[in-house]
Colleague: 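My structure is below; once you've seen it, I'll send some questions.
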Amino acid sequence: MAERFALPTNVLRHWESVGLLEPARDSAGRRRYVLDDVSRVAAIQRSKDAGMTLDQIAVLLDAGAPERHAVLRAHLDDLDRRMEQMRISKEMTEHAFSCRAHDISACPGFQRHVKDLVAAFDPPA
């Protein structure tokens with residue numbers, strides 16, 4: 001399983017220790033993963049890639065968790081926020097790529113991309 005998902009084996013053991021995985025064991029105590037485990041690891045990995053914490057993922061994988069929709073709503077809101085940040089970053093990078101200014105921070109076009117951050121600056125008195 002670790003090889004299939006390019007994960008260190010200790011990651012799978014950790015996920016098991018926190019209750020995200022429960023692979024069957026053979027008579028010698030070795031873990032025996034089945035298709036449901038593969039799907040679960042895929043869901044965990046994709047959710048982690050999307051920025052979810054293991055606690056959030058535990059709720060996501062627990063169909064009976066009453067806070068499941070709240071966790072998913074919060075995650076969707078976080079994804080929207082991060083996507084907007086990425087959009088701004090992409091525009092800023094595209095501008096910097098074509099800008100002729102040697103010092104990009106002095107470029108008026110670049111400054112438009114960071115004006116919200118600069119406006120929040122309150123210099124000490």
Side-chain angles (χ1 to χ4, degrees):
M1 181 72 77
E3 187 176 312
R4 177 183 192 141
F5 285 95
L7 294 168
T9 55
N10 66 308
V11 169
L12 293 175
R13 287 192 301 273
H14 176 67
W15 292 351
E16 185 178 350
S17 74
V18 298
L20 294 176
L21 293 174
E22 295 179 28
R25 304 267 182 171
D26 65 14
S27 60
R30 292 179 299 246
R31 291 167 183 84
R32 293 294 175 214
Y33 295 99
V34 296
L35 185 57
D36 285 346
D37 297 315
V38 174
S39 295
R40 200 162 175 98
V41 169
I44 295 167
Q45 193 167 33
R46 277 286 158 87
S47 297
K48 284 192 59 54
D49 289 346
M52 293 184 90
T53 66
L54 292 182
D55 288 340
Q56 289 173 312
I57 295 168
V59 172
L60 174 68
L61 295 175
D62 179 358
E67 68 275 25
R68 186 167 185 254
H69 283 101
V71 166
L72 290 170
R73 170 51 46 208
H75 184 61
L76 283 171
D77 292 345
D78 183 56
L79 287 172
D80 287 340
R81 180 189 57 78
R82 288 191 292 148
M83 288 171 62
E84 177 62 10
Q85 288 174 333
M86 292 298 292
R87 184 194 63 75
I88 292 168
S89 180
K90 183 175 187 257
E91 285 178 6
M92 185 177 71
T93 303
E94 287 171 341
H95 176 78
F97 185 74
S98 62
C99 185
R100 294 181 183 200
H102 180 68
D103 177 359
I104 196 69
S105 67
C107 171
F110 181 83
Q111 288 177 358
R112 283 193 298 276
H113 292 288
V114 296
K115 69 181 177 187
D116 59 326
L117 298 174
V118 174
F121 177 69
D122 186 16

Colleague: With the threshold set at 4.0 Å, does a side-chain nitrogen-carboxylate oxygen contact exist between R81 and D77?
Modeller: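 Not counted as a salt bridge, because no side-chain N and carboxylate O are separated by less than 4.0 Å.
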Colleague: At their closest point, which heavy atom of P23 faces which heavy atom of L21, and how far apart are they?
Modeller: CD-C, 3.6 Å
Colleague: Among pairs that include at least one residue of residues 92-101, which meet salt bridge (Lys or Arg N to Asp or Glu O under 4.0 Å), considering only residues two or more places apart or in two chains?
Modeller: K90-E94
Colleague: Is the shortest side-chain heavy-atom distance between Q56 and V59 below 4.5 Å?
Modeller: no
Colleague: Which heavy atom of V41 sits nearest to which heavy atom of F5, and what is that distance?
Modeller: CG1-CD1, 3.5 Å
Colleague: For M92, which fellow cluster members are found when Ile, Leu, Val, Met, Phe, Trp and Tyr are connected by side-chain heavy-atom distances below 4.5 angstrom, either directly or through intermediates?
Modeller: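 Hydrophobic cluster check, M92: joined to I104, F110, V114, V118.
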Colleague: Enumerate the side-chain hydrogen bond (donor to acceptor under 3.5 Å, both in side chains) contacts for residues 3-22, please, sequence neighbours excluded, ordered by first and then second residue.
Modeller: T9-R13, E16-R25, E16-R31
Colleague: Taking all atoms of both residues into account, what is the closest heavy-atom pair of R112 and K115, and its distance?
Modeller: O-CG, 3.5 Å
Colleague: Would you tabulate the side-chain donor-acceptor contacts of residues 61-69 under 3.5 Å, counting partners in other chains and residues two or more places apart, or write 'none'?
Modeller:
{"residue": "D62", "atom": "OD1", "partner": "G64", "partner atom": "N", "Å": "3.0"}
{"residue": "R68", "atom": "NE", "partner": "L60", "partner atom": "O", "Å": "3.2"}

Colleague: Hey, are the side chains of C107 and H95 touching, using non-hydrogen atoms and a 4.5 Å cut-off?
Modeller: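 With C-beta onward as the side chain, the pair touches.
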Colleague: Can you tell me which residue pairs pass the side-chain hydrogen bond (donor to acceptor under 3.5 Å, both in side chains) test with a partner in residues 32-52, sequence neighbours excluded?
Modeller: D26-R32
Colleague: Side-chain heavy atoms under 4.5 angstrom apart, residues restricted to Ile, Leu, Val, Met, Phe, Trp, Tyr: same cluster for L79 and I57?
Modeller: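 No, no single cluster joins them.
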Colleague: With sequence neighbours excluded, what pairs up with D80 under the side chain to side chain donor-acceptor pair (under 3.5 Å) test?
Modeller: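 D80 satisfies side chain to side chain donor-acceptor pair (under 3.5 Å) with no residue once adjacent residues are dropped.
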